K.L.:
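Dropping a structure here in C-alpha coordinates format, bear with me for questions.
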Amino acid sequence: MKGEGPTGDIAVDEAYDGLGATFALFWEAYQRNSIDDAGLPLDATVHYDQDYDNAFWDGTQMVFGDGDGELFNRFTIALDVIGHELTHGVTEKEAGLAYFNQSGALNESISDVFGSLVKQKLLGQTADQADWLIGAGLLTSAVKGVALRSMKEPGTAYDDPVLGKDPQPGHMDDFVRTNQDNGGVHINSGIPNRAFYLAATTIGGNAWDRAGRIWYNALLDPNTRANTDFAGFARVTIDVAGRLHGTDSAETTAVAEAWTTVGVI
Ligand SMILES: [Zn+2]
(Lines give C-alpha, C1' and ligand atoms only; values in the text may rest on other atoms or scores of the structure.)
Protein backbone atom coordinates (compact mmCIF):
# COMPACT_ATOMS: atom_id res chain seq x y z
CA MET A 1 0.00 0.00 0.00
CA LYS A 2 1.76 3.16 -1.12
CA GLY A 3 0.28 6.65 -1.24
CA GLU A 4 -3.26 5.38 -1.23
CA GLY A 5 -6.21 7.05 0.44
CA PRO A 6 -7.95 5.87 3.61
CA THR A 7 -9.26 2.32 3.54
CA GLY A 8 -12.08 2.59 6.08
CA ASP A 9 -10.28 0.15 8.41
CA ILE A 10 -9.06 2.44 11.16
CA ALA A 11 -6.23 0.11 12.25
CA VAL A 12 -4.94 -0.08 8.67
CA ASP A 13 -5.09 3.70 8.30
CA GLU A 14 -3.41 4.36 11.66
CA ALA A 15 -0.66 1.83 10.95
CA TYR A 16 -0.09 3.37 7.53
CA ASP A 17 0.10 6.88 8.96
CA GLY A 18 2.37 5.73 11.80
CA LEU A 19 4.81 4.05 9.44
CA GLY A 20 4.83 7.20 7.31
CA ALA A 21 5.43 9.50 10.29
CA THR A 22 8.30 7.31 11.50
CA PHE A 23 9.88 7.29 8.06
CA ALA A 24 9.48 11.09 7.94
CA LEU A 25 11.24 11.64 11.29
CA PHE A 26 14.27 9.55 10.36
CA TRP A 27 14.47 10.93 6.83
CA GLU A 28 13.80 14.61 7.47
CA ALA A 29 15.68 14.96 10.75
CA TYR A 30 18.59 12.52 10.25
CA GLN A 31 18.60 11.78 6.47
CA ARG A 32 18.14 8.10 7.28
CA ASN A 33 16.40 6.20 4.49
CA SER A 34 14.10 3.86 6.43
CA ILE A 35 14.96 1.35 9.16
CA ASP A 36 18.01 -0.09 7.41
CA ASP A 37 19.07 3.24 5.81
CA ALA A 38 18.70 1.46 2.48
CA GLY A 39 15.04 2.16 1.76
CA LEU A 40 13.52 -0.94 3.33
CA PRO A 41 9.78 -0.84 2.53
CA LEU A 42 7.82 -0.50 5.77
CA ASP A 43 5.10 -3.12 6.02
CA ALA A 44 2.65 -3.94 8.77
CA THR A 45 0.12 -6.55 9.75
CA VAL A 46 -2.89 -5.40 11.77
CA HIS A 47 -5.61 -7.33 13.66
CA TYR A 48 -2.93 -9.84 14.68
CA ASP A 49 -4.28 -12.79 16.67
CA GLN A 50 -7.33 -12.24 18.92
CA ASP A 51 -7.52 -9.51 21.59
CA TYR A 52 -3.74 -9.32 21.38
CA ASP A 53 -2.28 -6.78 23.85
CA ASN A 54 0.89 -5.75 22.10
CA ALA A 55 2.67 -4.55 18.99
CA PHE A 56 6.11 -5.62 17.82
CA TRP A 57 8.71 -5.47 15.08
CA ASP A 58 9.35 -9.04 13.93
CA GLY A 59 12.58 -8.21 12.12
CA THR A 60 10.90 -7.58 8.78
CA GLN A 61 7.60 -5.90 9.55
CA MET A 62 5.37 -4.33 12.19
CA VAL A 63 2.67 -6.45 13.81
CA PHE A 64 -0.23 -4.88 15.73
CA GLY A 65 -2.80 -6.46 18.02
CA ASP A 66 -6.30 -5.08 18.45
CA GLY A 67 -6.03 -5.02 22.25
CA ASP A 68 -8.49 -6.78 24.53
CA GLY A 69 -10.78 -3.75 24.76
CA GLU A 70 -10.88 -4.03 28.55
CA LEU A 71 -7.39 -2.84 29.51
CA PHE A 72 -5.92 -1.97 26.12
CA ASN A 73 -7.29 -0.31 23.02
CA ARG A 74 -5.97 -1.22 19.56
CA PHE A 75 -2.19 -0.77 19.41
CA THR A 76 -2.21 1.35 16.26
CA ILE A 77 -3.83 4.15 18.29
CA ALA A 78 -0.50 5.35 19.67
CA LEU A 79 1.83 6.87 17.09
CA ASP A 80 4.78 6.78 19.51
CA VAL A 81 4.32 3.02 19.99
CA ILE A 82 4.61 2.57 16.23
CA GLY A 83 7.74 4.71 16.22
CA HIS A 84 9.02 2.76 19.23
CA GLU A 85 8.69 -0.61 17.52
CA LEU A 86 10.25 0.53 14.25
CA THR A 87 13.16 2.09 16.13
CA HIS A 88 14.00 -1.40 17.43
CA GLY A 89 14.80 -2.17 13.80
CA VAL A 90 17.16 0.82 13.63
CA THR A 91 18.90 -0.16 16.88
CA GLU A 92 19.25 -3.75 15.70
CA LYS A 93 20.90 -2.52 12.50
CA GLU A 94 23.20 -0.01 14.23
CA ALA A 95 24.46 -0.49 17.82
CA GLY A 96 22.82 -3.92 18.15
CA LEU A 97 22.25 -3.31 21.88
CA ALA A 98 21.75 -6.72 23.53
CA TYR A 99 18.21 -7.11 24.83
CA PHE A 100 18.87 -7.73 28.51
CA ASN A 101 19.99 -5.80 31.61
CA GLN A 102 21.31 -2.25 31.06
CA SER A 103 22.02 -2.60 27.34
CA GLY A 104 18.46 -3.90 26.93
CA ALA A 105 16.97 -1.05 28.97
CA LEU A 106 19.00 1.32 26.81
CA ASN A 107 17.60 -0.42 23.71
CA GLU A 108 14.08 0.13 25.11
CA SER A 109 14.86 3.76 25.95
CA ILE A 110 16.19 4.50 22.44
CA SER A 111 12.87 3.22 21.10
CA ASP A 112 10.93 5.45 23.49
CA VAL A 113 13.08 8.46 22.59
CA PHE A 114 12.52 8.20 18.83
CA GLY A 115 8.94 7.01 19.29
CA SER A 116 8.20 10.17 21.24
CA LEU A 117 10.05 12.26 18.64
CA VAL A 118 7.91 10.77 15.84
CA LYS A 119 4.85 12.05 17.69
CA GLN A 120 6.37 15.40 18.63
CA LYS A 121 7.47 16.08 15.06
CA LEU A 122 4.11 15.14 13.56
CA LEU A 123 2.33 17.40 16.07
CA GLY A 124 4.91 20.17 15.63
CA GLN A 125 5.57 20.34 19.37
CA THR A 126 8.59 21.84 21.07
CA ALA A 127 10.22 19.95 23.96
CA ASP A 128 8.25 22.11 26.42
CA GLN A 129 4.91 21.42 24.71
CA ALA A 130 5.29 17.63 24.43
CA ASP A 131 3.58 15.33 26.95
CA TRP A 132 6.60 12.95 27.03
CA LEU A 133 4.19 10.03 27.49
CA ILE A 134 4.58 6.73 25.67
CA GLY A 135 1.34 5.08 24.60
CA ALA A 136 -1.14 7.82 25.52
CA GLY A 137 -4.60 6.62 24.46
CA LEU A 138 -3.64 2.96 24.64
CA LEU A 139 -5.20 2.29 28.04
CA THR A 140 -8.98 2.07 28.09
CA SER A 141 -11.05 4.40 30.26
CA ALA A 142 -11.46 1.50 32.73
CA VAL A 143 -7.77 1.75 33.65
CA LYS A 144 -6.44 4.27 36.17
CA GLY A 145 -3.61 5.68 34.13
CA VAL A 146 -2.67 7.93 31.23
CA ALA A 147 -0.12 5.90 29.26
CA LEU A 148 2.36 3.00 29.36
CA ARG A 149 5.30 5.13 30.45
CA SER A 150 6.27 8.71 31.26
CA MET A 151 9.70 9.91 30.16
CA LYS A 152 9.26 13.07 32.20
CA GLU A 153 8.24 11.37 35.43
CA PRO A 154 8.97 7.65 35.20
CA GLY A 155 6.75 5.64 37.56
CA THR A 156 3.67 7.88 37.21
CA ALA A 157 2.01 6.61 34.01
CA TYR A 158 -0.53 4.34 35.73
CA ASP A 159 -1.58 3.03 39.13
CA ASP A 160 -4.38 0.53 38.67
CA PRO A 161 -5.86 -2.34 40.70
CA VAL A 162 -5.52 -4.75 37.76
CA LEU A 163 -2.40 -3.49 35.97
CA GLY A 164 -0.59 -2.52 39.14
CA LYS A 165 1.63 0.53 39.45
CA ASP A 166 4.03 1.82 36.83
CA PRO A 167 7.34 0.30 38.08
CA GLN A 168 9.76 2.64 36.32
CA PRO A 169 12.54 4.38 38.25
CA GLY A 170 13.87 7.79 37.21
CA HIS A 171 17.19 7.60 39.08
CA MET A 172 19.98 5.05 39.53
CA ASP A 173 19.28 4.97 43.27
CA ASP A 174 16.03 3.17 42.41
CA PHE A 175 17.48 0.88 39.70
CA VAL A 176 15.49 -2.39 39.76
CA ARG A 177 17.44 -5.65 39.83
CA THR A 178 15.22 -8.44 38.54
CA ASN A 179 15.36 -11.59 36.46
CA GLN A 180 11.99 -10.78 34.93
CA ASP A 181 11.47 -8.71 31.79
CA ASN A 182 14.96 -9.63 30.47
CA GLY A 183 16.47 -7.99 33.52
CA GLY A 184 13.99 -5.12 33.69
CA VAL A 185 14.42 -3.72 30.18
CA HIS A 186 10.98 -2.05 30.26
CA ILE A 187 11.53 -0.93 33.86
CA ASN A 188 14.99 0.61 34.05
CA SER A 189 14.55 2.31 30.68
CA GLY A 190 12.91 5.04 32.77
CA ILE A 191 16.38 6.23 33.82
CA PRO A 192 17.85 6.96 30.34
CA ASN A 193 14.38 8.14 29.24
CA ARG A 194 14.40 10.83 31.89
CA ALA A 195 17.97 11.78 30.94
CA PHE A 196 16.79 12.42 27.37
CA TYR A 197 13.78 14.40 28.58
CA LEU A 198 16.02 16.56 30.80
CA ALA A 199 18.59 17.14 28.05
CA ALA A 200 15.92 17.97 25.46
CA THR A 201 13.98 20.39 27.65
CA THR A 202 17.16 22.12 28.85
CA ILE A 203 18.42 22.50 25.28
CA GLY A 204 14.95 23.69 24.24
CA GLY A 205 13.28 24.03 20.84
CA ASN A 206 12.25 20.95 18.89
CA ALA A 207 13.63 17.90 20.67
CA TRP A 208 14.30 16.04 17.40
CA ASP A 209 16.70 18.78 16.22
CA ARG A 210 19.61 18.98 18.66
CA ALA A 211 18.89 16.47 21.46
CA GLY A 212 17.54 13.91 18.97
CA ARG A 213 20.52 14.38 16.65
CA ILE A 214 22.92 13.83 19.57
CA TRP A 215 21.13 10.60 20.57
CA TYR A 216 20.91 9.47 16.93
CA ASN A 217 24.62 10.01 16.27
CA ALA A 218 25.41 8.28 19.56
CA LEU A 219 23.38 5.26 18.46
CA LEU A 220 25.49 5.09 15.27
CA ASP A 221 28.79 5.79 17.04
CA PRO A 222 31.24 2.83 16.98
CA ASN A 223 31.69 3.24 20.74
CA THR A 224 28.06 2.21 21.29
CA ARG A 225 28.15 -1.58 21.10
CA ALA A 226 26.03 -4.59 21.98
CA ASN A 227 27.00 -4.51 25.65
CA THR A 228 27.08 -0.74 26.21
CA ASP A 229 25.59 0.24 29.58
CA PHE A 230 23.98 3.51 30.72
CA ALA A 231 27.28 5.14 31.71
CA GLY A 232 28.95 4.05 28.47
CA PHE A 233 26.14 5.53 26.39
CA ALA A 234 26.18 8.70 28.50
CA ARG A 235 29.85 9.18 27.65
CA VAL A 236 29.15 8.69 23.95
CA THR A 237 26.32 11.26 23.97
CA ILE A 238 28.61 13.78 25.70
CA ASP A 239 31.38 13.10 23.14
CA VAL A 240 28.92 13.48 20.27
CA ALA A 241 27.48 16.70 21.72
CA GLY A 242 31.03 18.03 22.04
CA ARG A 243 31.81 17.22 18.40
CA LEU A 244 28.54 18.74 17.14
CA HIS A 245 28.36 21.84 19.34
CA GLY A 246 31.72 22.23 21.14
CA THR A 247 32.80 20.78 24.47
CA ASP A 248 31.90 23.97 26.37
CA SER A 249 28.57 24.48 24.60
CA ALA A 250 25.19 24.76 26.32
CA GLU A 251 24.13 21.56 24.53
CA THR A 252 27.05 19.49 25.83
CA THR A 253 26.56 20.87 29.34
CA ALA A 254 22.84 20.02 29.19
CA VAL A 255 23.56 16.44 28.15
CA ALA A 256 26.18 15.92 30.87
CA GLU A 257 23.94 17.46 33.54
CA ALA A 258 20.99 15.30 32.48
CA TRP A 259 22.99 12.10 33.04
CA THR A 260 24.25 13.44 36.37
CA THR A 261 20.73 14.31 37.52
CA VAL A 262 19.56 10.72 36.98
CA GLY A 263 22.65 9.36 38.79
CA VAL A 264 24.31 7.65 35.82
CA ILE A 265 27.55 9.67 35.83
ZN1 LIG B 1 10.32 -2.10 22.87
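Computed from a prediction, not measured in an experiment: that's the story for all the values here. FYI, the numbering just counts along the sequence from 1. Remember, it's 1-based here, ligands and their atoms both numbered in the order they're listed.
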K.L.:
Looking just at side-chain N and O atoms, do Thr237 and Asp239 make a donor-acceptor pair shorter than 3.5 Å?
P.N.:
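Side-chain D/A pair, Thr237 to Asp239: absent.
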K.L.:
Would Glu108 count as a contact for the Zn ion (ligand 1), in the sense that one of its N, O or S atoms lies under 2.8 Å from it?
P.N.:
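Under 2.8 Å: Glu108 contacts the Zn ion (ligand 1) through an N, O or S atom.
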K.L.:
Testing Phe64, Phe75, Phe56 for side chain to side chain contact (heavy atoms under 4.5 Å, CB included) with Tyr48, which one passes?
P.N.:
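Only one option passes, and that is Phe56.
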K.L.:
Applying the side chain to side chain contact (heavy atoms under 4.5 Å, CB included) test to Ile238, which of Thr247, Thr253, Thr252 qualifies?
P.N.:
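Of Thr247, Thr253, Thr252, side chain to side chain contact (heavy atoms under 4.5 Å, CB included) with Ile238 is met by Thr252 alone.
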K.L.:
Anything under 30° is parallel, anything over 60° is perpendicular, the rest tilted; go ahead and classify Phe114 against Phe26.
P.N.:
tilted
K.L.:
Which atom name would you report as the N, O or S atom of His88 nearest the Zn ion (ligand 1)?
P.N.:
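Of the nitrogen, oxygen and sulfur atoms in His88, the Zn ion (ligand 1) lies nearest to NE2.
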K.L.:
Within the stated cut-off of 2.8 Å, is an N/O/S atom of His186 closer than that to the Zn ion (ligand 1)?
P.N.:
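Looking at His186, which is the residue asked about, there is no N, O or S atom under 2.8 Å from the Zn ion (ligand 1).
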